[in-house]
There are 2 protein chains.
Amino acid sequence: MAIRTASPGSKGPRPDTRTAVFQAAAAEFSARGFDGVGVDDIAERAKVNKAMIYYHFADKLALYRAVVGDMLATIGTTVTEIAAADLTPADKLNRFIEQFVRHADARPWFPTLMLREIAAGAPHLDLETLTLMKAVFLGFGKILADGAAAGTFRPVHPVLAYTSIVGPLLMNAARERMAAEPGRSQLPMFVAIPHQDLIAHLQLTAQRMLEPR
Amino acid sequence: MAIRTASPGSKGPRPDTRTAVFQAAAAEFSARGFDGVGVDDIAERAKVNKAMIYYHFADKLALYRAVVGDMLATIGTTVTEIAAADLTPADKLNRFIEQFVRHADARPWFPTLMLREIAAGAPHLDLETLTLMKAVFLGFGKILADGAAAGTFRPVHPVLAYTSIVGPLLMNAARERMAAEPGRSQLPMFVAIPHQDLIAHLQLTAQRMLEPR
DNA sequence: GTCTATAAATAGATAGAC
DNA sequence: GTCTATCTATTTATAGAC
């Protein structure tokens, strides 16, 4: 990835103001939610004048949708690739779980922002953004259907299977965030779980859930 | 439950203003989150003057904590009772799942409010409220430990087991809310799942997850 | 593209009459 | 206990100079 930095003290046009705003917005929205974040907060974090945000984005909602849409598009591409890969359904499922965790590790704002939007009932999302969300679900559903057709999976309603895997994934990310608040690490539900263990547990649970008997 | 209603047109002291505020706050906070709700919104829904809210509660945060605390205390009592009941661990686990769903059915604000607070990293909760949250987790952990001691469950980290069961539960509630928004019922991830099916699925998945091999 | 200044609306919270 | 009116701070958003 190319790194573009403005020369120190430069007064000319900053090449990546938009990117700085975008990244600051992702972090802020993830940390405090749509209503909890002010446009000033984003400007401050991005080290950008507030008016610049309105120069690059129509308004706060459009910026938010851009962040969530980009996030969903990225994970959607990953899932679609896995679903289309040349692997057994069981391997695809394991890969789905592993990639989801790795994806979240590389983009810490992702799970919390997604969980927040889900918890809120997705009131900020338009149909276009929801369609990106759908792509993730459909990719997962394809893995399931292939497995059922091959007889390696028992038939389970894709919605139930999806929530059974993604729900714990997101909830664990939220748990880690709660634990990060000061004075909480002693509480038993906030002990650290290595992501290797998380992945292994979810993979085993998912395989058992789908196992024909 | 006794029903107390002020006589129509009464100008005297309303007996249950506090309750009206409390219930309105639960509904509003659940629907739009701490930052998304204005004290005016709560006053309007409760059909109470805004100043009355500050007469009964110190401020917005104290009101919010009262709502969440009451919610956690109620579910905590239920879980503790199940853990102490005279049942096999497997039956206790099934009962935990069923009661959690039934509890949410009877109190529609519960799952969303809880998921919201979790997603936010519980920034609004003090240690006292978190302790109530802990009680729910500990009750669940006791069921697990009893099962492991009796050999009916394999040993699984209680945090992983807890998120694996409660995560899907909460995520499904959020899903139902997303589906409720207009123009969304056609999307495949928003199809309705009967709660009977949800319970059965989670019970089966949980038992398989914990099954020794 | 970038900045300052400010408009316009809304938020949380309180004073004080009844 | 209940109400009206209001204070103060903050918020989204824009106008307009450079």
Side-chain angles (χ1 to χ4, degrees), chain A residues 4-29 31-68 116 120 123-124 126, chain B residues 4-68 116 120 123-126:
Chain A
R4 295 185 296 167
T5 314
S7 33
S10 163
K11 293 282 170 60
R14 185 170 159 185
D16 51 1
T17 298
R18 192 190 167 92
T19 306
V21 169
F22 190 93
Q23 290 175 347
E28 288 290 323
F29 283 136
R32 305 212 298 271
F34 183 80
D35 292 316
V37 170
V39 180
D40 293 288
D41 301 329
I42 297 170
E44 190 175 350
R45 178 185 277 239
K47 292 194 176 96
V48 151
N49 190 282
K50 176 164 67 158
M52 285 309 294
I53 294 181
Y54 289 96
Y55 177 79
H56 284 287
F57 299 91
D59 55 17
K60 186 184 171 185
L61 183 58
L63 172 55
Y64 183 82
R65 282 186 179 151
V67 169
V68 175
R116 268 188 195 279
H124 310 110
D126 49 14
Chain B
R4 293 187 298 169
T5 315
S7 34
S10 164
K11 292 281 168 61
R14 185 169 158 187
D16 50 0
T17 297
R18 191 190 168 92
T19 307
V21 169
F22 190 93
Q23 290 175 346
E28 287 291 321
F29 284 135
S30 168
R32 306 211 296 273
F34 182 80
D35 291 317
V37 171
V39 179
D40 294 288
D41 300 329
I42 297 170
E44 191 176 350
R45 178 186 277 240
K47 293 194 177 96
V48 151
N49 190 284
K50 174 163 70 154
M52 285 308 294
I53 293 181
Y54 289 95
Y55 176 78
H56 284 287
F57 298 91
D59 54 16
K60 185 184 171 184
L61 182 58
L63 173 54
Y64 182 82
R65 282 185 179 152
V67 168
V68 176
R116 268 187 195 279
H124 310 109
L125 303 190
D126 48 15

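Chain letters run A, B, ... following the sequence lines, proteins first and then strands; every chain starts at 1.
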**Message:** Nearest to the A:Val39 side chain among D:dG1, C:dA13, D:dT12, which nucleotide is it?
**Reply:** D:dT12
**Item:** Closest to side chain of A:Asp40, choosing from D:dT12, D:dT2, C:dG1
**Value:** D:dT12
Using whole Å, report how far [atom1] of [X] lies from [atom2] of [N].
X       : N      : atom1 : atom2 : value
B:Asp16 : D:dG1  : CG    : C1'   : 13 Å
A:Ile53 : D:dT14 : CD1   : P     : 13 Å
B:Asp59 : D:dA9  : CG    : P     : 17 Å
A:Arg18 : C:dT2  : CZ    : P     : 13 Å
A:Lys50 : C:dG1  : NZ    : C1'   : 18 Å
B:His56 : D:dG1  : NE2   : C1'   : 7 Å
A:Glu44 : D:dT12 : CD    : P     : 13 Å
B:Lys60 : C:dT10 : NZ    : P     : 16 Å

**Whether A:Lys60 side chain and A:Val37 backbone form a donor-acceptor pair below 3.5 Å** = yes
**Prompt:** Judged by atom type as modelled, is there a donor-acceptor pair below 3.5 Å linking the side chain of A:Arg116 to the main-chain atoms of A:Ala31?
**Reply:** yes
**Prompt:** Where each residue is assigned the nucleotide of DNA chain D containing its nearest heavy atom, which of A:Ala51 and A:Phe34 is assigned the position nearer the 5′ end?
**Reply:** A:Phe34
**Request:** Name the orientation class of the two ring planes belonging to B:Phe29 and B:Phe34 (parallel below 30°, tilted from 30 to 60°, perpendicular beyond 60°).
**Result:** parallel
**Asked** Would B:Arg18 count as a cation-pi partner of B:Tyr55, with NZ or CZ less than 6.0 Å from the six-membered ring centre and within 45° of the ring normal?
**Response** no
**Request:** With rounding to the nearest 0.5 Å, note down the distance linking CZ in A:Phe22 to CG in A:Asp16.
**Result:** 13.5 Å
At under 4.0 Å, does any side-chain N or O of [X] touch on OP1 or OP2 of [N]?
X       : N      : answer
A:Thr17 : C:dT2  : yes
A:Tyr54 : D:dT14 : no
A:Asn49 : C:dG1  : no

